[in-house]
Trainee: 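Take a look at the following structure, please.
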Amino acid sequence: MAATASQLVLGSWLLTSAFLWPHSPGQMLLAVAGGLLGIAFSAHALLGGAAPFRTRRLAWWLIVGSIFLPATNRWSVANHLIIGVGLLAFLRVAEIKRELS
């Protein structure tokens, strides 16, 4: 549950941050689409569905996209990297909790 809530917060922040500072078109798409997907995946999980592989793919998409897409602002790159790594970290914590219970 905590991983899902954190995913919802990170997705919401990613979507919001897309409009807080300038982004290149690719980074803007990464932020808006990534934020919407993060919110949708967490809503699906809150309704009883579980698909951590989707969130893992989204996290890697954010990490790789932030590195390879052209950027006009290094803060957007750092933001996407931090959120991608955060998503992976929360997923790993949830996996460890499931293994221990």
Trainee: Establish whether I82 and V32 are linked, either directly or via other cluster members, by ILVMFWY side-chain heavy-atom contacts under 4.5 Å.
Mentor: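 No; tracing contacts between hydrophobic side chains, which count when under 4.5 Å, never links both residues.
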Trainee: Over all heavy atoms of both residues, which pair between G86 and L10 is shortest? Give the atoms and the distance, please.
Mentor: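 Where G86 meets L10 most closely, the heavy atoms are C-CD1, 4.1 Å.
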Trainee: Hey, can you pull the donor-acceptor pairs under 3.5 Å for the side chains in residues 53-64, sequence neighbours left out?
Mentor:
{"residue": "T55", "atom": "OG1", "partner": "Q7", "partner atom": "OE1", "Å": "3.4"}
{"residue": "T55", "atom": "OG1", "partner": "Q7", "partner atom": "NE2", "Å": "3.1"}
{"residue": "R56", "atom": "NH2", "partner": "E95", "partner atom": "OE2", "Å": "2.1"}

Trainee: Flag yes if F90 and W13 sit in one hydrophobic cluster, no otherwise; membership is Ile, Leu, Val, Met, Phe, Trp, Tyr, and two members link when side-chain heavy atoms are under 4.5 Å apart.
Mentor: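 Yes, one cluster joins them.
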Trainee: What's the spacing between F41 CZ and L36 CG if we round to 0.5 Å?
Mentor: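 Between atom CZ of F41 and atom CG of L36 there are 10.5 Å.
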Trainee: So how far is it from S76 OG to L14 CG, rounded to the nearest 0.5 Å?
Mentor: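 Interatomic distance, S76 OG to L14 CG, rounded to 0.5 Å: 10.5 Å.
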Trainee: Does the pair L69 and L29 meet the rule for a side-chain contact (heavy atoms from CB on, under 4.5 Å), with working shown?
Mentor: CA-CA 10 Å; L69 288 174; L29 177 65; over 6 Å; no
Trainee: Is the side chain of S24 donor-acceptor paired with the backbone N or O of P70 at a distance under 3.5 Å, no angle test?
Mentor: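 Pair found, side chain donor or acceptor close to backbone of P70.
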Trainee: Under the 3.5 angstrom rule, does the side chain of H44 hit a backbone N or O of A40 as a donor-acceptor pair?
Mentor: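 Looks like no, no N/O pair under 3.5 Å.
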Trainee: Out of curiosity, R74 CZ to S66 OG, how far, rounded to the nearest 0.5 Å?
Mentor: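 That separation rounds to 15.0 Å.
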Trainee: Keeping to residues at least two apart or across chains, list the salt bridge (Lys or Arg N to Asp or Glu O under 4.0 Å) pairs with something in residues 60-73.
Mentor: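 Qualifying pairs, neighbours excluded: none.
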Trainee: Not counting sequence neighbours, which residues clear side chain to side chain contact (heavy atoms under 4.5 Å, CB included) with S12? List them please.
Mentor: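 Once residues adjacent in sequence are excluded, the partners of S12 under the side chain to side chain contact (heavy atoms under 4.5 Å, CB included) criterion are L8, I39.
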Trainee: Can you hop from V77 to F68 via hydrophobic side chains spaced under 4.5 Å?
Mentor: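 Yes, same cluster.
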Trainee: Less than 4.5 Å apart, side chain to side chain, heavy atoms only: is that true for H23 and H80?
Mentor: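 Yes; the side chains approach each other to less than 4.5 Å.
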Trainee: Taking a hydrophobic cluster as the set of Ile, Leu, Val, Met, Phe, Trp and Tyr residues connected by side-chain heavy atoms closer than 4.5 Å, whether directly or through intermediates, do I83 and L20 fall within one such cluster?
Mentor: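 Yes, because I83 and L20 connect within a single hydrophobic cluster, where side-chain heavy atoms sit under 4.5 Å apart.
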Trainee: Testing the 3.5 Å rule here: is there a donor-acceptor pair between the side chains of W21 and N79?
Mentor: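 On atom types as modelled, these side chains do not qualify, holding no pair under 3.5 Å.
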